[in-house]
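Computed over heavy atoms, backbone and side chain alike; hydrogens, waters and symmetry mates excluded. In this text, all values refer to a predicted model and were calculated from it rather than measured experimentally.
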Amino acid sequence: MKIVFATNNQHKLEEIRSILGDKFEVVSLHEIGCDEDIPETGKTLEENALQKAQYVYDHYHVSCFADDTGLEVDALNGAPGVYSARYAGGEGHDSEANMAKLLRELGNNNNRKARFRTVIALIEKKDVCPCGCTSIKKVSQFEGIVEGEIIREKRGGEGFGYDPIFQPEGYDKTFAELGVDIKNTISHRARATQKLAEYLKTL
């Protein structure tokens with residue numbers, strides 16, 4: 001089954017392809033000729049994921065899914081949340097600056113509880129209206145959450161984003177230390193993607 005993943009982030013693409021396996025041909029935005037910077041102006045992960053999927057559906061008329069992920073830190077009232085990728089400001093996704101700001105904001109606070117949350121929005125192209133005026137679609141959403149804590153300094157060289165400072169519950173290593181194989185079985189994205197895969201297998 002061929003489906004478009006609304007991303008050009010190679011890390012995320014490889015992670016999703018690894019989780020979904022060879023039963024699905026996951027195609028990136030670049031592979032369908034989309035190199036635009038799709039807007040993410042929602043105030044929630046759900047809104048952002050749906051906005052990205054809707055953009056691809058409207059412009060390329062294909063079944064597609066998009067995700068949005070946020071790191072929610074209890075002591076920071078759920079921040080950085082929907083702003084995780086650009087927490088430190090600026091145009092790009094500067095992981096080092098984001099981690100530095102987060103550790104600075106937390107300071108010596110002993111409440112280090114946090115969670116990663118991923119929301120996937122899937123839009124299926126079902127059919128075309130008999131009069132040809134519009135296509136008929138189905139929208140579904142899937143959520144994955146992994147609880148954990150923010151450690152006080154970076155550890156590990158694998159992964160991306162906040163992985164070096166996030167230690168998942170039940171483990172004594174960060175995502176960046178656990179490595180891709182383990183992370184892809186327990187992560188927030190893995191859990192949301194597993195729900196997506198289970199759904200796709202029913203089609």
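In this structure, F65 CZ and T7 OG1 are separated by 9.5 Å, a value rounded to the nearest 0.5 Å. In this structure, K201 NZ and E198 CD are separated by 6.5 Å, a value rounded to the nearest 0.5 Å. Note that CD1 of I165 is 12.5 Å distant from CZ of F175, once rounded to the nearest 0.5 Å. If you take CG on N8 and CD1 on I38, they are separated by 8.0 Å, rounding to the nearest 0.5 Å. Within the model, atoms OH of Y83 and CG of N98 stand 14.5 Å from one another, a figure rounded to the nearest 0.5 Å.
Distance alone, capped at 3.5 Å, is enough to place a donor-acceptor pair between the K52 side chain and the D67 backbone. In terms of modelled atom types and a separation under 3.5 Å, the side chain of R191 and the main chain of I145 share a donor-acceptor contact. When atom types are taken as modelled, the side chain of T185 and the backbone of I182 share a donor-acceptor pair closer than 3.5 angstrom. Put simply, the side chain of S84 gets close to the backbone of L71: a donor and an acceptor are under 3.5 Å apart. Checking side-chain atoms of D74 against main-chain N and O of L76 turns up no donor-acceptor pair under 3.5 Å. Between the side chain of N48 and the main chain of P39, no donor-acceptor pair closer than 3.5 Å is present. Listed for the Q10 side chain is no donor-acceptor partner under 3.5 Å among the backbone atoms of E14.
Under the 4.5 Å side-chain heavy-atom criterion for grouping Ile, Leu, Val, Met, Phe, Trp and Tyr, L122 is not connected to V27 through any hydrophobic cluster.
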*Is there a side chain to side chain contact (heavy atoms under 4.5 Å, CB included) between E15 and R189 once you walk through the steps?*
CA-CA 8 Å; E15 207 169 79; R189 188 170 289 110; 2.6 Å; yes
*Step by step, work out the salt bridge (charged side-chain N to carboxylate O under 4.0 Å, His left out) result for R155 and E177.*
CA-CA 7 Å; R155 294 202 317 255; E177 292 175 300; 3.0 Å; yes
*Step by step, work out the side-chain hydrogen bond (donor to acceptor under 3.5 Å, both in side chains) result for K195 and Q141.*
CA-CA 9 Å; K195 291 176 184 176; Q141 287 196 329; over 6 Å; no
*Would you please test I3 and L200 for side chain to side chain contact (heavy atoms under 4.5 Å, CB included) and show each step?*
CA-CA 10 Å; I3 190 164; L200 291 175; 4.3 Å; yes
*asked:* The test is side chain to side chain contact (heavy atoms under 4.5 Å, CB included); show your working for K43 and V82 and say whether it passes.
replied: CA-CA 7 Å; K43 295 198 181 328; V82 73; 5.9 Å; no
*Determine, stepwise, if the pair E31 / R17 fulfils salt bridge (charged side-chain N to carboxylate O under 4.0 Å, His left out).*
CA-CA 14 Å; E31 289 171 288; R17 282 174 172 163; 2.9 Å; yes
*Just do the side-chain hydrogen bond (donor to acceptor under 3.5 Å, both in side chains) check on Y199 and E124 with the steps written out, would you?*
CA-CA 12 Å; Y199 174 78; E124 299 168 69; 2.6 Å; yes
*Would D163 and T174 satisfy side chain to side chain contact (heavy atoms under 4.5 Å, CB included), going step by step from the backbone distance to the final call?*
CA-CA 6 Å; D163 286 356; T174 66; over 6 Å; no
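Looking only at side-chain heavy atoms (C-beta outward), V119 and D68 stay at 4.5 Å or farther from each other. In this structure, the side chains of R152 and R112 come closer than 4.5 Å at one or more pairs of heavy atoms. The closest side-chain heavy-atom distance from I186 to P168 is below 4.5 Å. Between K12 and F5, the closest side-chain pair of non-hydrogen atoms falls below 4.5 Å.
At most 12 non-hydrogen atoms from other residues, nucleotides or ligands lie less than 6.0 angstrom from NZ of K154. Heavy atoms of other residues, nucleotides or ligands lying less than 6.0 angstrom from CG of D35 number more than 12.
Taking the centre of each ring, Y55 and H59 come in below the 6.0 Å mark.
The cationic atom of K183 (NZ for Lys, CZ for Arg) lies less than 6.0 Å from the six-membered ring centre of F160 and within 45° of the ring axis.
Under the 30°/60° scheme for interplanar angles, the aromatic rings of F116 and H188 are found to lie parallel.
Using a cut-off of 4.0 Å between Lys/Arg side-chain N and Asp/Glu carboxylate O, E169 and R115 are scored as not salt-bridged. Between E46 and R117 there is a salt bridge, since a side-chain N of the basic residue sits under 4.0 Å from a carboxylate O of the acidic one.
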